[in-house]
2 protein chains.
Amino acid sequence: MVQHNQDVKDRILITADRLFQEQGFNETGINQIISEANIAKASLYYHFKSKEELCVAYLQRRNEIWNKAFYEFLRNKNNKALAAFDFLVERNSMDNFRGCSFLNMLSETSPEKKLVYDEIQNHKSGLLLFFEYELKEKELAYLIYSLFENAIIESKLQRNQEPVYRLKKLAESLIQSKKPSN
Amino acid sequence: MVQHNQDVKDRILITADRLFQEQGFNETGINQIISEANIAKASLYYHFKSKEELCVAYLQRRNEIWNKAFYEFLRNKNNKALAAFDFLVERNSMDNFRGCSFLNMLSETSPEKKLVYDEIQNHKSGLLLFFEYELKEKELAYLIYSLFENAIIESKLQRNQEPVYRLKKLAESLIQSKKPSN
DNA sequence: AATTATATAAACAGACTTGTCTGAATATAT
DNA sequence: ATATATTCAGACAAGTCTGTTTATATAATT
């Protein structure tokens with residue numbers, strides 16, 4: 001039966017999102033996506049002309065979802081730059097230390113795929129902008145951003161939250177020591 | 001003609017090393033390895049019972065090669081913790097911003113492959129130990145280690161050396177401010 | 001001299017890969 | 001009512017993937 005309700009594209013994206021995150025991009029085949037999304041292969045290629053185009057759409061959507069969750073989490077927090085580390089703890093618990101979708105893709109793609117690189121760069125520059133806005137000082141922001149990035153990677157590698165706690169404490173003392181009130 | 005000179009295993013490792021670095025692990029097939037190494041497929045499976053086992057051997061060898069080049073580079077340097085960033089600049093130029101082989105593998109593998117994870121963890125804990133030895137203070141070492149890690153990632157993502165220079169400067173001022181002589 | 005270790009080529013298995021195409025059906029828009 | 005957009009199932013192409021097996025050859029060890 002033809003399901004003509006225009007959520008076909010959504011179902012593709014939702015399923016691809018889940019599978020790319022769970023298994024990685026190269027480990028996920030088109031056939032698995034269409035099978036689990038319950039759509040026809042021709043429908044996928046009607047909406048996306050290649051797997052690479054689906055990849056770009058996936059990263060765009062992931063960026064939107066991530067940002068939404070991120071800023072929602074921070075809404076009622078006092079020190080948002082530090083609370084970012086708490087967000088990371090929450091995400092690690094939810095996704096079993098899967099790490100950053102964008103850094104994962106960075107390792108699975110090549111610089112020739114410019115549109116893919118663009119989406120990764122865009123996500124990361126957005127995150128850096130957040131720290132710059134919160135901390136006012138650019139070099140301090142780059143510093144805390146770096147600790148945040150390494151918190152993602154190190155907690156993925158160690159498969160526990162200790163690196164996040166530890167780097168949050170380091171970030172805290174660095175931010176503190178820059179405060180003019182001290 | 002049978003080449004019975006016991007460098008077959010070496011040729012496999014040398015070729016796999018090159019291809020895994022240039023193309024990534026999952027993007028490199030067994031057939032390409034045997035073809036470019038000029039050996040028979042049965043010879044590969046004589047020395048390595050699976051591609052995963054080859055992966056582990058590759059990471060072990062890569063760790064040895066990396067460490068050798070790293071400590072050789074640092075031998076005549078004064079501030080070795082800071083000179084590590086210069087090493088990174090050199091490597092980026094040589095390998096066209098391919099990034100860290102171990103972090104790349106981290107994104108291409110899964111935690112179920114315990115031996116693979118072990119090699120990645122081993123490499124990174126060795127690097128952290130280096131910073132701890134050089135900087136004496138553990139939390140400072142973890143901080144500089146984090147900047148170093150992000151320098152690898154960010155320069156790969158931006159495909160230029162600016163992040164390395166910038167993070168080296170940040171590292172410098174952080175190390176400076178911890179010195180008791182100030 | 002006999003055994004064992006290492007190497008070869010090449011076929012084979014069985015599954016998977018991305019992407020195209022056909023022919024039909026159903027919606028939506030004009 | 002007619003044109004256009006969307007969806008379907010499923011076959012097909014042309015290749016790739018990891019790994020096994022066979023049968024043979026050579027080198028090293030005992």
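Order of the sequence lines sets the chain letters (A, B, ...), proteins ahead of strands, with each chain counted from 1.
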So which nucleotide from [options] ends up closest to the side chain of [X]?
X	options	answer
Ser43(B)	dC8(D), dA7(C), dT18(D)	dA7(C)
Val8(B)	dG19(C), dA7(C), dA9(C)	dA7(C)
Tyr45(A)	dA9(C), dT18(C), dA7(C)	dT18(C)
Ala42(B)	dT6(C), dA10(C), dG19(D)	dA10(C)

Derivation and outcome, side chain to side chain contact (heavy atoms under 4.5 Å, CB included), residues Leu127(B) and Phe148(B): CA-CA 10 Å; Leu127(B) 181 59; Phe148(B) 185 78; 3.7 Å; yes

Presence of donor-acceptor pair under 3.5 Å, side chain of Lys41(A) and base of dG19(C):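 Per atom types, the contact qualifies.
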
Round to the nearest Å and state the distance from [X] atom [atom1] to [N] atom [atom2].
X	N	atom1	atom2	answer
Ile12(A)	dT7(D)	CD1	C1'	10 Å
Asp10(B)	dA7(C)	CG	C1'	15 Å
Phe25(B)	dT18(D)	CZ	C1'	11 Å
Lys49(B)	dT18(D)	NZ	P	16 Å
Ile39(A)	dA25(C)	CD1	C1'	17 Å
Gln32(A)	dT17(C)	CD	P	8 Å
Phe48(B)	dA7(C)	CZ	C1'	15 Å
Leu44(B)	dT18(D)	CG	C1'	11 Å

Row check, Tyr45(A) ring normal vs Lys41(A) NZ/CZ: under 6.0 Å, within 45°: no

Ring-face cation contact, Phe25(A) with Lys51(A), 6.0 Å cut, 45° max: yes

Geometric class of the His123(B)/Phe102(B) ring pair [parallel <30°, tilted 30-60°, perpendicular >60°]: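 Parallel, since the angle between the ring planes stays under 30°.
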
